[in-house]
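Structure record follows, encoded as C-alpha cells.
It should be emphasised that the depicted structure is a prediction, and the values quoted were computed from it without experimental measurement.
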Amino acid sequence: MSDLTNRQIAAAFDELADLYELDGAIVHRVVAYRNAARAVRDAPVSVATLAQEGRATDLPGIGATLQEKVIALVQTGDIPSAVKLRARFPAGLVAITRLPGLGPKRARRLHDELGIDSPEALRAAVEGHALRDLKGFGPRAEENILTALDAATADGAGDRVLLDRALAVAEPLVAALREHPASVRVELAGSVRRMTDSVKDLDVIATARDPAALAEAVASLDFVEEVHSSGPAGARVVTHSGMKVDLKIVAPDQFGNLLQHFTGSKQHNEALRRNAVRRGLHVSEYGVLDDASGETHRCTTEAQVYALLGLEYIEPELRENRGELEAAAQGRLPRLVRERDLRGDLHCHTIASDGRNTVEEMAHAALDRGYQYLAITDHSATHGFGNDVSPEQLERQIELVAEVNARVDGIELLAGSEVNILPDGSPDYDDELLERLDWVIASVHSSFRIGERAMTERIVTAMEHPLIDAIGHLTGRMIERRAPYAVDIGRIVEAAARTGTMLEINANPNRRDLSDVHARAAADAGVPVLVNSDAHGTDTMSSVVRYGIATARRAWLERRHVANTRTWKQFAPMRKRARRRQ
DNA sequence: GCCGTTTTCGGCCCGACTGTTTTCAGTCG
C-alpha cells in the first residue's frame with residue numbers, strides 16, 4: 001500500500017495539464033489530464049493502490065498511459081514528463097497563465113519573446129512598457145494586465161465562500177425579487193442550487209413583465225454595494241459581503257434552457273451535450289437544435305430539456321457527471337432523501353462540554369423539529385479547552401439525561417458521548433462507563449498528522465471496538481480552511497460494513513464530513529449513514545441540517561440509506577450495542 | 001490522452017466576449 005494520497009496524484013495531473021498547455025499540446029490532451037485529476041480526486045479508494053494492481057483504468061478518464069504515470073509517481077516520487085517540462089517552464093509562468101485574460105498561449109509569448117518567467121517579472125515589463133512592441137498586445141493589454149496583477153495580490157482575491165454564507169445572501173435576494181411586481185419567475189442557478197460545499201458567485205435566472213424594472217430593483221436592494229451593469233437583459237452587482245451576483249432576465253420560452261445551462265455543473269453540461277450530439281441534437285443555453293429538422297426547441301422548464309434528450313428530470317444536486325446521465329436514461333435515478341425524512345439526531349452538545357444550552361433545552365429543540373430521539377453527546381475526558389467531561393461528570397450526565405427523559409414527553413433521549421479516538425485507536429473512557437451509555441460516537445480531535453496508514457489503522461481499531469456505535473466527522477476537514485487528514489476511505493468503509501459501525505455526515509456547513517463522494521462510497525458498501533447536526537446550541541440543531549441533507553443528496557442517498565430516517569423503534573435495534581445484546 | 005449503439009482511429013460541447021484584428025485567435029464560463 002502507498003501513502004500517496006489521491007489529492008497528491010490529482011495535483012500532479014493538474015500540474016501536467018498546465019505544463020502541457022504551455023507546451024502547446026492539443027487541448028483535448030490537456031482536458032484529458034484535467035478530467036483525470038478530477039476522477040482521482042473523486043475516487044473513494046486509493047488510486048495509488050488501484051494503479052499498482054492495474055485497476056486504475058476502471059476509473060473514468062484514466063487509461064493505460066495515466067496509470068503508468070501514477071505508478072511512476074508512487075515508485076520514484078515523480079513523473080518523468082513533468083520533470084522534463086518543469087525544466088522548460090518555471091512555476092512563475094504557470095502562475096501567469098492563471099491571471100484573467102492571460103492564458104497559456106499569451107503567457108508563452110511573454111516567456112519566449114521577453115523572457116518573462118514570473119508575475120513579478122511581468123509587472124516590471126509592463127511598467128517598463130516592454131509589451132508595447134509585442135504582436136497581439138495592444139494598448140489595452142498593459143492596463144488589463146496591471147489590473148489582473150493587482151487583483152491577484154489583493155487580500156481574499158478569488159476566495160470561495162461556504163454555502164451557508166452564500167445562501168444567507170442568495171435567499172433574501174431571490175425572495176425580494178419574487179416579491180417585486182415586475183418579476184414572473186425567479187430561480188437560483190449555479191453551484192448554490194447544486195448545494196456544493198462552497199461557491200464563488202451567485203447566478204439568478206428570471207423572467208419578467210418589465211425586465212428593466214426588475215434589473216433596476218436588484219441594483220437598488222440595500223445589500224447591494226456596487227452595480228457593474230444593469231439593463232433589460234439583467235444586472236451584475238456586488239453585495240456588501242463581497243458576493244458577485246449575476247441576474248439574467250430571459251424570455252419565458254427559454255427559461256428552462258437557461259436555468260439548466262447556468263445550473264451546471266460544467267462537467268454535467270459537457271457530458272449532456274456529448275450524449276446529445278450522438279442523437280443528432282445540439283444543446284445550448286438557447287435551445288436544443290435538432291439536426292434532422294433544423295429546428296431549435298425552446299423549453300420553458302428544465303424537465304422539457306431533459307425529456308428532449310430522452311432523460312428523466314435530474315435533481316440539481318446530482319448534476320456532477322457522476323453517472324446521473326446514464327441513470328436518467330435508464331430511469332434509475334435515486335429518490336433522494338429529504339430533510340423532513342429525518343426522525344432523530346445522534347450528535348449534539350450541551351453546557352456539560354462546549355455547548356450553549358442545557359439537556360432540557362436541547363430536548364425541546366428536538367421536539368420542536370419533530371424528532372423522536374436525540375442523543376446527548378458531549379465531548380469526553382481528554383478533550384481539553386476546558387470542555388472535557390470527566391468520568392464522574394459523565395456519570396452525573398447519564399443521570400441527568402435519564403431524569404429529563406422521564407420529564408419530557410414525546411422524545412427518547414439517549415445518554416451518549418462523543419469520545420475522542422486516541423492515537424492508538426482506543427476511546428478515552430473505560431469500557432465499563434461506555435457500557436452504561438445508550439450511544440457512543442467516536443471522533444478524531446487530535447494528532448491529525450500521523451500519516452494515512454496510521455490514521456486508517458487508528459480509526460479501524462476504533463470501529464472494531466464493540467461499544468463504539470458510529471464515527472463522527474471522518475476526515476476532520478474544514479471546508480476552504482483545513483484539508484482532510486489522509487485516510488484510506490476504501491478501508492474505512494470496508495471496516496464499517498464489517499463491524500456494523502455507522503458513519504456520520506456531519507451537517508455543520510464548515511465540515512460536511514463525510515463528503516458527498518465518501519458518503520456515496522459508504523452507502524454503496526451498505527454502511528448505514530447518519531445525518532447529524534453536531535449542534536452546540538438549540539439554534540443550529542435545525543439550521544444546519546439542510547447542509548447535511550444536501551451532502552446526502554449529492555451522494556445519491558435515498559431515505560433507506562440514512563439510518564436516522566428510521567423511527568426510534570426501527571433505529572434502536574440497529575445500534576451496535578443493541579445488536580451485541582441480541 | 002481517452003474512448004467506442006460511428007470500437008483501435010478519428011473524433012473530442014457550446015457560445016460570448018475581448019482586443020486586435022481586416023476575418024479571428026485566445027480566453028472565459
Roughly how far, to the nearest 0.5 Å, is CD of Glu317(A) from OG1 of Thr551(A)? 10.0 Å

What is the distance from atom CG of Asp516(A) to atom CZ of Arg553(A), rounded to the nearest 0.5 Å?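 Spacing of CG (Asp516(A)) from CZ (Arg553(A)) equals 13.0 Å.
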
With rounding to the closest Å, how many angstrom separate the [atom1] atoms on [N] and [M]?
{"N": "dG11(B)", "M": "dT6(B)", "atom1": "P", "answer": "15 Å"}
{"N": "dT20(B)", "M": "dC14(B)", "atom1": "P", "answer": "30 Å"}
{"N": "dG26(B)", "M": "dT21(B)", "atom1": "C1'", "answer": "12 Å"}
{"N": "dG10(B)", "M": "dG15(B)", "atom1": "P", "answer": "26 Å"}
{"N": "dG19(B)", "M": "dC12(B)", "atom1": "C1'", "answer": "28 Å"}
{"N": "dC3(B)", "M": "dT8(B)", "atom1": "P", "answer": "15 Å"}
{"N": "dC2(B)", "M": "dT7(B)", "atom1": "C1'", "answer": "13 Å"}

With heavy atoms under 4.0 Å as the rule, sort [X] into base, sugar-phosphate or nothing.
{"X": "His261(A)", "result": "nothing"}
{"X": "Phe262(A)", "result": "nothing"}
{"X": "Leu272(A)", "result": "nothing"}
{"X": "Val30(A)", "result": "nothing"}
{"X": "Ala141(A)", "result": "sugar-phosphate"}
{"X": "Val283(A)", "result": "sugar-phosphate"}
{"X": "Leu99(A)", "result": "sugar-phosphate"}
{"X": "Arg274(A)", "result": "sugar-phosphate"}
{"X": "Asn269(A)", "result": "nothing"}

Go through the side-chain N and O atoms of [X] and [Y] and say whether any donor and acceptor fall under 3.5 Å apart.
{"X": "Asn257(A)", "Y": "Gln304(A)", "answer": "no"}
{"X": "Asn506(A)", "Y": "Asn508(A)", "answer": "no"}
{"X": "His111(A)", "Y": "Asp117(A)", "answer": "no"}

Starting at [atom1] of [X] and ending at [atom2] of [N], how long is that distance when rounded to a whole Å?
{"X": "Asn321(A)", "N": "dC2(B)", "atom1": "CG", "atom2": "C1'", "result": "14 Å"}
{"X": "Ile145(A)", "N": "dT18(B)", "atom1": "CD1", "atom2": "P", "result": "17 Å"}
{"X": "Ile96(A)", "N": "dG26(B)", "atom1": "CD1", "atom2": "C1'", "result": "16 Å"}
{"X": "Arg106(A)", "N": "dC17(B)", "atom1": "CZ", "atom2": "C1'", "result": "13 Å"}
{"X": "Asn275(A)", "N": "dT6(B)", "atom1": "CG", "atom2": "P", "result": "12 Å"}
{"X": "His268(A)", "N": "dC14(B)", "atom1": "NE2", "atom2": "C1'", "result": "15 Å"}
{"X": "His282(A)", "N": "dC12(B)", "atom1": "NE2", "atom2": "C1'", "result": "14 Å"}
{"X": "Arg278(A)", "N": "dC14(B)", "atom1": "CZ", "atom2": "C1'", "result": "17 Å"}

Of the listed nucleotides [options], the one nearest the side chain of [X]:
{"X": "Asn144(A)", "options": "dG1(B), dG19(B), dG15(B)", "answer": "dG19(B)"}
{"X": "Pro104(A)", "options": "dG19(B), dG15(B), dT27(B)", "answer": "dT27(B)"}
{"X": "Pro139(A)", "options": "dC28(B), dT20(B), dG1(B)", "answer": "dT20(B)"}
{"X": "His28(A)", "options": "dT21(B), dC12(B), dC28(B)", "answer": "dC12(B)"}
{"X": "Arg140(A)", "options": "dT20(B), dG15(B), dC12(B)", "answer": "dT20(B)"}

Both distances below 3.5 Å, Watson-Crick or wobble geometry, any strand: find the nucleotide opposite dT8(B). none

Closest nucleotide of DNA chain B for Lys105(A) versus for Gly138(A): which of these residues is on the 5' side?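 Between the two, 5'-proximity favours Gly138(A).
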
I want to confirm an ordering. Mapping Gly101(A) and Leu281(A) to their closest nucleotides on DNA chain B, which one lands closer to the 5' end?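 With Gly101(A) and Leu281(A) compared, the 5'-side residue is Leu281(A).
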
Are Arg298(A) and Tyr286(A) in a cation-pi setup, meaning NZ or CZ lies under 6.0 angstrom from the ring centre and within 45 degrees of the ring axis? no

Within the structure, does a side-chain N or O atom of Tyr286(A) lie under 4.0 Å from either OP1 or OP2 of dA16(B)?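 Result: yes.
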
Validation row: Leu221(A), Val237(A) side chains within 4.5 angstrom (heavy atoms): no

